[in-house]
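A short worksheet on the structure shown next.
In what follows, every heavy atom counts, from backbone to side chain, and hydrogens, waters and symmetry copies are set aside. Treat the numbers as computed from the prediction; the structure is a model and nothing was measured.
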Amino acid sequence: MFRIWGKLFRENHMLRDMVYENNDPSLNRTKKVFAGLHEFCITFDLQEPIWLDKNIEEFKKIDKTRFYQDNFIEAVDFDYLEIHVIEEDSFY
């Protein structure tokens, strides 16, 4: 099972969170991450953020990144959206 946690923060307080699960073995990890981000945006009523180089590098290193106002075209009413992979698929 693949699970990713999405959280909205303002002034270091979590406003909302959600865990997205995906059990589809035909999807690769990248597609599962993008599907999770898409679900967070629908649930939180957000536009999808733009992945900057900083986000890509951070996500590759620690499986977590934060999207700030710079990642969104429209103004947002929170400080950042954080996504974090909390469970990877196991192939045992």
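Among all heavy-atom pairs drawn from Gly6 and Phe44, the shortest one is O-CZ, 3.9 Å. Phe78 and Leu46 get closest at one heavy-atom pair: CE2-CD2, 3.3 Å. Here the shortest heavy-atom pairing between Tyr20 and Gly36 reads CD2-CA, 3.3 Å. The two residues Glu58 and Thr65 make their nearest non-hydrogen contact at OE1-OG1, 2.6 Å.
Relative ring orientation between Tyr80 and Phe9 is described as parallel, the plane-to-plane angle staying below 30° on a 0-90° scale split at 30° and 60°.
Between Glu48 atom CD and Ile50 atom CD1 the span is 11.0 Å, to the nearest 0.5 Å. The structure places CG of Leu52 at 7.0 Å from CG of Asp70, a figure rounded to the nearest 0.5 Å. The structure places CD of Gln69 at 9.5 Å from CD of Glu74, a figure rounded to the nearest 0.5 Å. Put simply, CG on Leu37 and CD1 on Ile42 are 10.0 Å apart, with the number rounded to the nearest 0.5 Å. Atom OH of residue Tyr68 and atom CG of residue Asp79 lie 8.5 Å apart, to the nearest 0.5 angstrom. Summarising the geometry, atom CD belonging to Glu82 is positioned 10.5 Å from atom CG belonging to Leu8; distances are rounded to the nearest 0.5 Å.
Taking the charged nitrogens against the carboxylate oxygens, Glu88 and Arg29 do have a contact shorter than 4.0 Å, which makes a salt bridge.
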Side chain to side chain contact (heavy atoms under 4.5 Å, CB included) evaluation trace for Val76 with Phe67: CA-CA 11 Å; Val76 295; Phe67 298 101; over 6 Å; no
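No more than 12 heavy atoms of other residues, nucleotides or ligands lie within 6.0 Å of CG in Asp53, so this atom counts as exposed by the packing criterion. Within a 6.0 Å radius of CH2 in Trp51, more than 12 heavy atoms belonging to other residues, nucleotides or ligands are found. A 6.0 Å sphere centred on NZ of Lys54 holds more than 12 heavy atoms belonging to other residues, nucleotides or ligands. Under a cut-off of 6.0 angstrom, the local environment of CD1 in Ile73 is sparse, with at most 12 non-hydrogen atoms contributed by other residues, nucleotides or ligands.
If you chain together hydrophobic residues whose side chains sit under 4.5 Å apart, Met18 and Met14 never meet in one group. Under the 4.5 Å side-chain heavy-atom criterion for grouping Ile, Leu, Val, Met, Phe, Trp and Tyr, Leu15 is connected to Ile4 within one hydrophobic cluster. Both Phe34 and Phe40 are assigned to one and the same hydrophobic cluster, defined by single-linkage of ILVMFWY side chains at heavy-atom distances under 4.5 Å. With hydrophobic clusters built from ILVMFWY side chains whose heavy atoms lie under 4.5 angstrom apart, Val85 does not share a cluster with Val19.
For the side-chain contact (heavy atoms from CB on, under 4.5 Å) with Phe2, the lone residue among Asp24, Val33, Ile86 that qualifies is Val33.
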